[in-house]
Amino acid sequence: MSELKLFNSLTRQIEAFKPVHESEARVYSCGPTVYNYQHIGNMRAYVFADTLGRVLSYKGYKLTHVINITDVGHLTSDADAGDDKMEKAAAAQGKTAWDIAAFYQADFEADLARLNICKVQHPRATEYVEAMIAWGTAIAEKHCYELESGLYFDISTVREYGRLARAVTEDGEGRIEDVDGKRHAADFAIWRKSPAGETRQMEWDSPWGRGAPGWHLECSVMSKELLGHPFDIHTGGIDHREIHHPNEIAQNQAHGDCDHSGAKIWMHNNFLIDRSGKDSGGKMSKSSGEFLRLQLLIDKGFHPLAYRLMCLQAHYRSELEFSWEGLQAAFVRLKRMVMGVTALKARHAELVSASILPNEPTVETEKWTLKQVQGDAGIGIEIRKVGSMRFEEALFDDLNTPEAVTSIEWALSLKNEEPRAKLDAIAKMDSVLGLNLLTLTRADLRIRPITATITEAEIEAALAARKAARAAKDFARSDRIRDDLIAKGVEVMDGDPLGWDWRIDL
Ligand code: AMP
Ligand code: ZN
C-alpha cells in the first residue's frame with residue numbers, strides 16, 4: 001500500500017502521515033455547539049472527519065477519534081462579545097441550558113447515525129471545566145492578564161501567533177476590538193466573568209471569579225486529556241482556521257512551554273455553499289434562509305446517504321455548492337450503485353445454486369465491518385484482483401473521494417470478473433466510503449416525502465392490480481390505475497433500466 005498523504009493547513013503542504021504513536025492514529029474534530037439543530041453544512045465537516053477516520057482504519061492504524069460537544073462558552077460570534085449561544089437558546093425556549101444541550105446533542109447524534117458516521121467519543125465541554133480552570137491557572141501568570149470582564153490571553157506571549165491563519169498582524173481578518181482594555185485585538189478570553197449582579201445558568205467558581213470558560217479553551221483541554229499532546233490530526237471547518245484553531249494553538253504553546261501546536265497535522269474542510277436559499281447568501285448558516293437540516297432532505301424524499309455521496313463527490317478542500325438537482329443526481333447515482341450490487345448478489349447466488357461455484361457463504365456485509373478490515377494483511381489484494389488500485393491511490397492522495405467513488409462504479413462495470421470477487425472488492429471499498437452499498441435495498445431507498453398522500457403499500461397494491469389488468473388485456477383499467485397514481489404524484493417507471501418500478505415525484 002502506498003503511503004498516506006494529507007494536506008496540512010499549518011504548512012499549507014501535502015505531507016506524509018507519520019503517526020506520533022506507532023500503529024496508532026489519534027484524531028480530534030471540533031464538534032457542534034448544541035444550541036440548535038445542525039445544518040447540512042455542519043454535517044459536511046463530520047462526513048469529512050469520518051472519511052479521514054475510515055481511511056486511517058483502513059490503513060491499519062488503531063484509531064482514537066474524538067468529536068467534542070460544545071455545551072458551554074461559544075458566544076454568538078467567534079469573538080468575545082455577545083451572548084452565550086446556549087444561554088440565549090435556553091432563554092428563548094424557556095428551558096434550561098442543560099436541557100437544550102441534551103436535546104440538540106441527541107439530534108446531532110441521530111444525524112451522525114443517519115449519515116453512517118462511525119461512533120466515536122463525544123465528550124462534553126461542561127465535563128472538563130475543572131481541567132480548564134487548572135489550565136488557565138497554569139498559564140495565567142506568563143500569558144494572561146485580567147480585566148473586569150475576565151481573564152484574557154496575550155497573543156504576544158507566544159511565538160508566531162496566527163501562523164495557521166496566515167494572519168500577518170494582530171489585526172488579521174475577523175478580529176474585532178470588542179472588549180474594553182484588551183492589549184491586542186486578537187487577544188481572547190480564557191475565562192469570562194459573569195457580569196456583576198447577573199446569574200447565569202452555567203457558571204463555575206474560578207480564581208478569576210464566577211463565570212464560564214472561553215470557547216477555545218475546551219478543545220485544548222479535551223484534546224490533551226483524551227489524546228495527549230502532541231497528537232496526530234486536528235480537524236474542523238475552514239472557518240476554524242482563522243480564529244478558533246490559532247487560539248487553540250496559542251494555548252497549547254503556552255501550556256506546553258514548548259513550540260508544539262498540539263496536533264501535528266491540522267486539516268480543514270471547505271464550506272457547503274447554498275445559493276438556493278432565500279438570500280442566495282453563499283456560506284450556509286443557521287440564521288440565513290431556509291434551514292437546511294438533514295431531516296428536511298429526508299422529508300422531501302431523499303435518503304440521507306445520498307447527501308453523504310454528494311459530499312464525497314467533492315474534494316473536502318473544495319467548496320461544495322448545494323442544489324436540489326445536485327442532490328437528486330447523487331441520489332440516482334447511489335440507487336444505480338445499489339442496484340448494481342443487488343444484481344451482483346443475485347448473480348452470485350445463481351452460480352452457487354447451479355453448483356458452478358462452491359457453496360461458500362454469500363457475501364455477508366457484517367463481515368466487512370471496519371474492525372475486521374483493520375489489520376487485514378491481505379487488504380488491497382482483492383481489489384487489485386479486480387484491478388482497482390486507483391481506489392487506494394486516490395484516497396491516500398489527500399482523500400480524493402470523488403475519484404474513489406468512480407472506482408466503485410468501475411469495479412461494478414468489469415465484465416470478466418466473478419461476482420464474488422467484485423462483491424468482495426466493493427465491500428472493502430465501501431468500508432471506507434460508508435455508503436452501505438451491500439446492505440441497502442431498493443425498498444430502503446424509497447423514502448416517502450412527508451407531503452405524499454399515498455403509502456408505499458398502496459402504491460404496490462395499485463401496481464399489482466395494474467399488472468393483473470394488463471395481463472388480462474384490460475388496458476382501460478390499467479391506464480386508469482396509472483392516471484390515478486400520477487394524480488397522487490407517483491411516477492410509474494415502466495422499462496426503467498434500473499428496474500425501478502415507481503417513484504414519488506420530489
Ligand atoms: P459549529 O456548530 O458552528 O461550531 O460548527 C460545527 C462544524 O461545522 C465546525 O467544524 C464548522 O467549521 C463547520 N461548518 C460550519 N458551517 C459550515 C458549512 N457551511 N460547510 C461546512 N462546514 C461548516
Ligand atoms: Zn474546537
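Order of listing sets the numbers, starting from 1, for every ligand and every atom in it. The figures that follow rest on heavy atoms only: side chains count, while hydrogens, waters and symmetry mates do not. If you read the sequence from its start, that first residue is 1, and numbering goes on from there.
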Geometry only, no angles: is [X] polar-contacting ligand 1 at N/O separations under 3.5 Å?
{"X": "Asn42", "answer": "yes"}
{"X": "Gly237", "answer": "yes"}
{"X": "Leu272", "answer": "yes"}
{"X": "Gly236", "answer": "no"}
{"X": "Asp239", "answer": "yes"}

Seminar exercise, completed: If you compare Val34, Thr33, Ile40 by their heavy atoms, the one closest to atom 1 (P) of ligand 1 turns out to be Thr33

Problem set entry | ligand 1 contact on Asn270 by region, counting heavy-atom pairs under 4.0 Å |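 Looking at Asn270 and ligand 1, just backbone atoms fall under 4.0 Å.
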
Exercise. Under a 4.0 Å heavy-atom limit, does Tyr46 contact ligand 1 with its side chain, its backbone, both, or neither?
Worked result: side chain

Problem set entry | Within less than 2.8 Å of the Zn ion (ligand 2): protein N, O or S atom count | 3

Problem set entry | From His255, Gln253, Glu248, residue fulfilling side-chain contact (heavy atoms from CB on, under 4.5 Å) relative to Gln251 | Glu248

Problem set entry | Neighbour count above 12 (heavy atom, 6.0 Å) for Glu130 CD | no

Exercise. Any sub-3.5 Å donor-acceptor pair from Asp232's side-chain atoms to Pro19's backbone N or O?
Worked result: no

Exercise. So, Asn8 side chain and Glu15 main chain: donor-acceptor pair closer than 3.5 Å or not?
Worked result: no

Exercise. Should the pair Asp154-Arg183 be classified as a salt bridge under the 4.0 Å nitrogen-to-oxygen rule?
Worked result: yes

Problem set entry | Pair Arg333 + Glu409: basic N to acidic O under 4.0 Å |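 Looking at Arg333 and Glu409, the cut-off is met.
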
For this session: Work out whether the distance between some heavy atom of His39 and some atom of ligand 1 is less than 4.0 Å.
Result: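 In this structure, His39 qualifies as a contact of ligand 1 - some heavy atom is under 4.0 Å.
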
For this session: Kindly assign one of parallel, tilted or perpendicular to the pair Tyr104 and Tyr37, based on the angle between their ring planes and the thresholds 30° and 60°.
Result: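 Perpendicular, since the angle between the ring planes exceeds 60°.
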
For this session: Describe, in one word, how the ring planes of Trp191 and Trp208 are oriented to each other, choosing from parallel (under 30°), tilted (30 to 60°) and perpendicular (over 60°).
Result: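 Tilted: the ring planes of Trp191 and Trp208 meet at 30° to 60°.
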
Close-contact set for ligand 1 against [X] heavy atoms, below 4.0 Å:
{"X": "Asn269", "answer": "21 (C), 22 (N)"}
{"X": "Pro32", "answer": "2 (O)"}
{"X": "Gly41", "answer": "17 (C), 18 (C), 19 (N), 20 (N), 21 (C), 22 (N), 23 (C)"}

Exercise. Taking the side chain as C-beta and beyond, is there a heavy-atom pair between Asp299 and Arg293 under 4.5 Å?
Worked result: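 No, every pair of side-chain atoms sits at 4.5 Å or beyond.
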
For this session: Tell me whether the centres of the aromatic rings in Trp215 and His240 are closer together than 6.0 Å.
Result: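 So the answer is yes for these two rings.
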
For this session: Quick one: which residue pairs count as a ring pair (Phe, Tyr, Trp, His ring centres under 6.0 Å) with a foot in residues 2-27, not counting sequence neighbours?
Result: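 Those involving residues 2-27 are Phe17-Tyr61.
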
For this session: Kindly determine whether His268 and His245 satisfy ring pair (Phe, Tyr, Trp, His ring centres under 6.0 Å), including the steps that lead there.
Result: CA-CA 10 Å; His268 297 96; His245 289 170; 5.0 Å; yes

